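Working notes for the structure below.
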Amino acid sequence: MKKNFFERFFKQDSLFINKRVLQSNYTPETIPHRDEQISQIAEILAPALKMERPSNVFIYGKTGTGKTLSTRYITQQLLNMAAEKGADLRVVYVNCKLKRVADTEYRLVAQLIRDFGQEIPATGLPTDEVYKIFFDILDSKRQLIILVLDEIDQLIKKTGDEPLYNLTRINEELKKSQISLIGISNDLIFIDKIDPRVKSSLSEEELVFPPYNALQIQDILKLRAKTAFKPGVISEGVIEKCAAYAAREHGDARRALELLRVAGEVAERSGVERVGIQHIDEADEKIEKDRVFDIVATQPKQFQATLYSILTTGASSKGKNLIFTGEIYENYKKLCQQIGLRPLTQRRVSDVIAELDMLGIINAKVISKGRYGRTREVSIATPPSSLPKIQKLLEDSLGL
DNA sequence: GTCAATTCACATGAAAGAGACCACGGTCTAGTG
DNA sequence: CTAGACCGTGGTCTCTTTCATGTGAATTGACGA
């Protein structure tokens, strides 16, 4: 019985050949069902090869519709071409959603400067100073810069349209260089909130990425599965079911790929040789559970306390699973006293609840109860099976 | 019964404060030649 | 004389409070039929 625990791991053949293919940062050589969009972007960007400034582009589309992928793909090709032709072209890609990287105006510009290979402190400098540095770098030589701002809606929501205004304006002052912007956004309506002048200069061209339908997702999955899995491990109907799941969620290809990958992992772990349909359900549940757990565990204390109040309020008044802000706040105050946490104001807790809603842990809907006021109607969004574990996790973390 | 005013219980916005982090420039100190 | 330690000032960023304003429909109460 002197068995090494890892022995099984090696002995058992993996179902995968190359798991990386299914991960979201993987760039395949071909992108099915996006030919039209890609060629449109290409047309718009083509003048860059002659060192003429391409129009600014705005790209919309729900998550997992291939916006980022297509943009990366086409800019890469553009770069290759530019190198051949000797055009001094640069593509800078920034994801505005990443916390502590580019989610404020200062950090965005600082990140850009870093991309140009210069160190910039994370804080401490005035923002206009940072702009000046950026400006100087840009204008140090004749070059064309294509700036890709991914998830730009996040940035705008937080900081307003200042950064965009400044970036579009910077062109007028650049002597040698030119800069053009590609904005990528999940949100179709956020652009109404920005200054019309910024809007018009930013969206000289507009492009929409429609969601994939189930058949298209199947194509994508089949293509990737061919290189990701060993032949024959995918059972009949697995791809179809994955696609159906994802198509239900507004055609999110990323989700479909994740589902397939996790299903493969689940199958592998349980020691079977083929990925079956039942593994997809398991995978779906596992993904959701992992996600929620992760979020819950990494939230700050106050969020956890609020969430705990929501859970316990919901549990105590069993039967009705809809609870209101007032009840939550009362419970929350009691809880704070119990664990010695300084309670936040109701104003703040109201925001916290809204944020928990955004994270998808709870569902909160603003309703009016007529004479009895206006409030958020909160219900718990996670599957009941994982509730006890979450509650346990929160209790540990809060010291109960 | 109808209709507009009222009213509740919060939502939502804006501004500003606290505290953490940081850069920069000036001053002080100790070590060196 | 100079390198490094040590301020003080001014900046960003996040989380939060304070103050103010907004809001949608159940309820109320006046009104006329």
Side-chain angles (χ1 to χ4, degrees), chain A residues 94-114 118-137 151 153-167 187 189-190 192-195 295-296 298-310 313-314 317 320 322-337 339-359 362-379 397-398:
Chain A
V94 181
N95 188 334
C96 304
K97 197 178 71 179
L98 294 179
K99 286 250 172 209
R100 307 186 181 282
V101 174
D103 57 347
T104 70
E105 186 170 12
Y106 178 98
R107 296 217 263 247
L108 171 63
V109 184
Q111 183 58 33
L112 294 178
I113 295 173
R114 265 181 230 120
Q118 227 180 77
E119 277 310 305
I120 202 82
T123 169
L125 257 51
T127 305
D128 28 337
E129 189 71 20
V130 186
Y131 265 111
K132 217 172 136 285
I133 297 173
F134 182 53
F135 186 88
D136 287 345
I137 294 177
E151 318 236 15
D153 44 333
Q154 303 285 329
L155 182 71
I156 302 303
K157 213 166 63 191
K158 273 177 101 164
T159 67
D161 47 20
E162 288 280 313
L164 290 188
Y165 179 74
N166 287 329
L167 282 174
D187 190 350
I189 50 168
F190 96 100
D192 295 335
K193 293 183 195 157
I194 69 180
D195 190 314
I295 293 173
V296 170
T298 54
Q299 285 308 300
K301 275 246 159 29
Q302 294 289 4
F303 280 63
Q304 293 183 341
T306 310
L307 182 58
Y308 190 75
S309 309
I310 294 171
T313 320
S317 56
K320 81 165 182 167
L322 295 177
I323 48 180
F324 305 113
T325 308
E327 307 171 61
I328 296 171
Y329 188 62
E330 283 311 307
N331 238 339
Y332 162 81
K333 272 199 298 197
K334 267 187 239 157
L335 178 69
C336 281
Q337 202 162 29
I339 61 176
L341 197 67
R342 197 172 56 82
L344 301 174
T345 49
Q346 173 155 322
R347 175 72 186 82
R348 180 63 186 138
V349 172
S350 175
D351 278 350
V352 171
I353 294 174
E355 280 174 58
L356 288 173
D357 177 40
M358 290 285 267
L359 289 169
I362 59 172
N363 291 319
K365 202 169 75 189
V366 179
I367 55 155
S368 176
K369 291 189 289 171
R371 185 63 211 273
Y372 305 107
R374 228 162 105 81
T375 182
R376 274 203 179 82
E377 190 184 66
V378 176
S379 61
S397 165
L398 294 169

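Note that this is a predicted model, so its numbers are computed, not measured. So that the names make sense, note that chain A is the first sequence line, chain B the second, and so on, each numbered from 1.
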Of A/G124 and A/R107, the one whose closest nucleotide on DNA chain C sits nearer the 5' end is A/G124

Taking all heavy atoms of A/D161 and all of A/I156, pick out the closest pair and write down the distance. CA-CD1, 4.4 Å

Heavy-atom side-chain contact between A/L307 and A/Q299 under 4.5 Å: no

Let me know the distance between CD1 of A/I367 and P of B/dT12, rounded to the nearest Å. 12 Å

Heavy-atom pair with the smallest gap, counting every atom of A/Y131 and A/E105: OH-OE2, 3.0 Å

For residues 371-379 of chain A, which residues have at least one heavy atom under 4.0 Å from DNA chain C? A/R371, A/Y372, A/G373, A/R374

Would you classify A/Q302 as touching base, sugar-phosphate or nothing, given that sugar-phosphate means primed atoms plus P, OP1 and OP2, and contacts are heavy atoms under 4.0 Å? sugar-phosphate

Residue among A/T306, A/L341, A/L398, A/L344 satisfying side-chain contact (heavy atoms from CB on, under 4.5 Å) with A/C336: A/L341

Which pairs would a plain distance check flag for residues 346-358 of chain A, meaning a side-chain donor or acceptor within less than 3.5 Å of a matching protein atom at least two apart in sequence or in another chain?
| residue | atom | partner | partner atom | Å |
| --- | --- | --- | --- | --- |
| A/R347 | NH1 | A/D351 | OD1 | 3.0 |
| A/R347 | NH1 | A/D351 | OD2 | 3.1 |
| A/S350 | OG | A/R376 | NH1 | 3.2 |
| A/D357 | OD1 | A/A364 | N | 3.2 |

Going by heavy atoms in the side chains, are A/L125 and A/Y106 under 4.5 Å from each other? yes

With distance as the sole criterion, is a donor-acceptor pair present between the side chains of A/S397 and A/Q304 under 3.5 Å? yes

Please report, rounded to the nearest Å, how far the C1' atom of B/dT12 is from the CD atom of A/E355. 14 Å

Please state how far atom CZ in A/R348 lies from atom P in B/dG17, giving the value in whole angstrom units. 18 Å

Are A/K369 and A/T375 packed together at the side-chain level, in the sense that at least one heavy-atom pair is separated by less than 4.5 angstrom? yes

In whole Å, I'd like the distance from the CZ atom of A/F324 to the P atom of B/dA11. 11 Å

What is the separation between atom NZ on A/K157 and atom C1' on B/dG13, rounded to the nearest whole Å? 16 Å

Only residue of A/I323, A/I362, A/L322 satisfying side-chain contact (heavy atoms from CB on, under 4.5 Å) with A/S379 is A/L322

What's A/D103 touching, base or sugar-phosphate or nothing? Going by heavy atoms closer than 4.0 Å. sugar-phosphate

Expressed as a whole number of angstroms, how long is the span from A/K369:NZ to B/dC10:C1'? 9 Å

Footprint ends on DNA chain C, 5' to 3', for atoms under 4.0 angstrom from a heavy atom of chain A, come out as C/dG10 to C/dT28

Side chain of A/R347 (C-beta onward), nearest among B/dC22, B/dC10, B/dG13: B/dG13

